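Reminder, nothing fancy here: chain letters follow the sequence lines and each chain counts from 1. All of these numbers come straight from a predicted model, not from anything done at the bench.
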There are 2 protein chains.
Amino acid sequence: MSLATARNLDHPEPEAIRLEAVLHALSDPMRLRIVRFLASLPLGEEAACSAIDLVVSKSTTTHHFRVLREAGVIVQVYRGTAKMNRLRREDLDTLFPGLVDTVLDADTRQRERAD
Amino acid sequence: MSLATARNLDHPEPEAIRLEAVLHALSDPMRLRIVRFLASLPLGEEAACSAIDLVVSKSTTTHHFRVLREAGVIVQVYRGTAKMNRLRREDLDTLFPGLVDTVLDADTRQRERAD
DNA sequence: ACCGTAGTACGTCGGTTATCGTACTAGCGC
DNA sequence: GCGCTAGTACGATAACCGACGTACTACGGT
């Protein structure tokens with residue numbers, strides 16, 4: 001089972017991903033923004049934590065990415081000095097079909113309604 | 001705009017319903033259970049707070065129903081000594097199409113996966 | 001008028017969260 | 001090796017949250 005060494009981060013197995021945790025992870029504006037950004041990337045593409053400019057400190061950024069990873073929403077891997085992130089689309093779509101898309105669509109509608 | 005008198009509870013207008021607040025409201029197991037219960041009722045049917053047996057104190061129950069109401073997930077109205085609840089299906093489906101159904105479906109799958 | 005049922009208000013308590021700053025480590029390129 | 005960039009670890013802090021108990025109100029029935 002998922003073992004975390006120095007440069008090997010701990011991710012929940014698909015079976016261990018809890019809906020409540022996913023919803024909670026998505027219920028923070030900052031994290032929803034991260035997810036929206038990752039979802040906007042070309043399929044399979046990944047991005048560094050620094051690729052999106054949240055307006056908070058580095059440590060806060062680290063924190064939000066960790067919450068997303070521990071909830072099972074994203075995968076994080078080290079690549080050289082960067083830590084790359086991508087959505088766990090396949091896992092999430094299998095576990096909770098339509099959830100990610102529906103939430104992203106809801107988010108889009110909300111911001112089109114002039115946030 | 002929504003005015004709350006003694007027996008008239010305060011509900012957010014549809015435009016004021018925030019996705020983050022809805023997701024947060026749904027991210028608690030107790031509240032998700034309430035929503036699942038209300039969603040299982042025949043269309044337009046409503047239920048008293050006491051109709052579902054959460055295993056917590058009355059005050060905690062009140063608390064969770066209030067969070068759901070303030071997030072815009074449910075409507076609460078007083079009917080005699082009871083306080084009746086129902087899902088704001090129409091509003092939610094208009095604002096965030098498919099969201100409620102997708103979350104409920106995800107919840108069903110999760111509990112079928114042997115909770 | 002009294003009682004029972006349904007739910008509220010309020011204060012508390014312990015745990016979690018979001019934020020920060022500071023000090024640190026890991027890898028890359030020169 | 002040096003320094004830059006990217007991110008971590010840790011500790012602090014303030015806010016929030018879920019749970020509780022107790023004391024209360026409101027309504028309906030007898």
Side-chain angles (χ1 to χ4, degrees), chain A residues 3-12 18-35 37-38 46-86, chain B residues 3-11 18 20-35 37-38 46-86:
Chain A
L3 109 135
T5 59
R7 309 242 91 193
N8 184 8
L9 293 154
D10 206 15
H11 294 79
R18 302 287 312 176
L19 176 61
E20 303 88 336
V22 172
L23 293 177
H24 175 250
L26 298 178
S27 75
D28 181 280
M30 201 80 75
R31 292 193 290 261
L32 196 46
R33 230 185 110 191
I34 295 173
V35 170
F37 172 70
L38 293 178
E46 48 189 25
C49 295
S50 51
I52 172 171
D53 186 37
L54 309 172
V55 199
V56 291
S57 69
K58 283 201 298 175
S59 37
T60 302
T61 303
T62 299
H63 164 70
H64 285 303
F65 275 97
R66 183 176 42 230
V67 172
L68 287 170
R69 171 171 47 83
E70 290 177 348
V73 178
I74 65 173
V75 182
Q76 299 192 287
V77 286
Y78 285 105
R79 297 225 193 285
T81 121
K83 191 187 208 169
M84 307 303 287
N85 306 276
R86 68 173 179 279
Chain B
L3 110 132
T5 58
R7 310 242 92 194
N8 184 9
L9 294 154
D10 205 15
H11 294 79
R18 302 287 310 174
E20 303 87 337
V22 172
L23 293 177
H24 175 249
L26 298 178
S27 74
D28 182 277
M30 200 81 76
R31 292 193 290 260
L32 196 46
R33 228 185 112 191
I34 296 174
V35 170
F37 171 71
L38 292 178
E46 49 190 21
C49 295
S50 51
I52 172 170
D53 185 35
L54 308 173
V55 200
V56 291
S57 69
K58 283 200 298 176
S59 37
T60 301
T61 303
T62 300
H63 163 69
H64 286 302
F65 275 97
R66 182 174 45 227
V67 172
L68 287 170
R69 170 171 50 83
E70 290 178 348
V73 178
I74 66 172
V75 182
Q76 299 192 285
V77 287
Y78 285 103
R79 297 226 192 284
T81 123
K83 189 190 210 169
M84 308 303 284
N85 306 274
R86 66 173 180 279

| note | Taking D:dG18, C:dT17, C:dG7 as options, the one with an atom nearest any side-chain atom of B:His24 is D:dG18

| query | Starting at CG of B:Leu9 and ending at P of C:dA9, how long is that distance when rounded to a whole Å? | reply | 8 Å

| said: Using a 4.0 Å heavy-atom cut-off, does B:Arg79 contact any base of the nucleic acid, only the sugar-phosphate backbone, or nothing at all? | reply: nothing

| For B:Glu20 and C:dT17, what is the distance between atoms CD and P respectively, to the nearest whole Å? | 18 Å

| Gap between atoms CG and P, on A:Leu54 and D:dG7 respectively (whole Å) | 11 Å

| task | Send over the distance from B:Asp53 CG to C:dT5 P, rounded to a whole Å. | result | 16 Å

| task | Could you check which of C:dA6, D:dG7, C:dA18 has an atom nearest any side-chain atom of B:Thr81? | result | C:dA6

| query | Under 4.0 Å between a side-chain N or O of B:Ser57 and OP1 or OP2 of D:dC20? | reply | yes

| task | Would you mind classifying the nucleic acid contact of A:Ser59 as base, sugar-phosphate or nothing, using non-hydrogen atoms under 4.0 angstrom? | result | base

| task | In whole angstrom, give the distance that lies between atom CD1 of A:Ile34 and atom P of D:dG7. | result | 12 Å

| Between D:dC20 (P) and B:Met30 (CE): distance, integer Å | 7 Å

| Would you say A:His63 reaches D:dG7's phosphate, i.e. side-chain N/O to OP1/OP2 under 4.0 Å? | no

| note | Correct closest heavy-atom pair for B:Ile52 and B:Arg33 would be CD1-O, 3.8 Å

| query | How about A:Ser59 and A:Thr62: does a side-chain donor come under 3.5 Å of a side-chain acceptor? | reply | no

| task | Taking the side chain as every heavy atom from C-beta outward, state whether A:Asp28 and B:Glu20 have any atom pair closer than 4.5 Å. | result | no

| message | Using a heavy-atom cut-off of 4.0 Å across all strands, would you classify B:Thr60 as base, sugar-phosphate, or nothing? | response | base

| field | A:His64 vs C:dT19: side-chain N/O to OP1/OP2 distance below 4.0 Å | value | yes

| said: Below the 4.0 Å mark, does D:dG18 have OP1 or OP2 next to a side-chain nitrogen or oxygen of B:Arg31? | reply: yes

| request: Grab the CZ-P distance between A:Phe65 and C:dA18 for me, whole Å please. | output: 14 Å

| field | Spacing of B:Asp10 atom CG relative to C:dA9 atom P, expressed in whole Å | value | 12 Å

| field | Given DNA chain D, 5'-ward residue of the pair A:Thr61 and B:Asp28, judged by closest heavy atom | value | A:Thr61

| query | Is the backbone N or O of A:Val67 less than 3.5 Å from a side-chain atom of A:Arg31, with the two atoms forming a donor-acceptor pair by type? | reply | no

| So, A:Asn85 and A:Gln76: side-chain donor and acceptor under 3.5 Å apart, yes or no? | yes

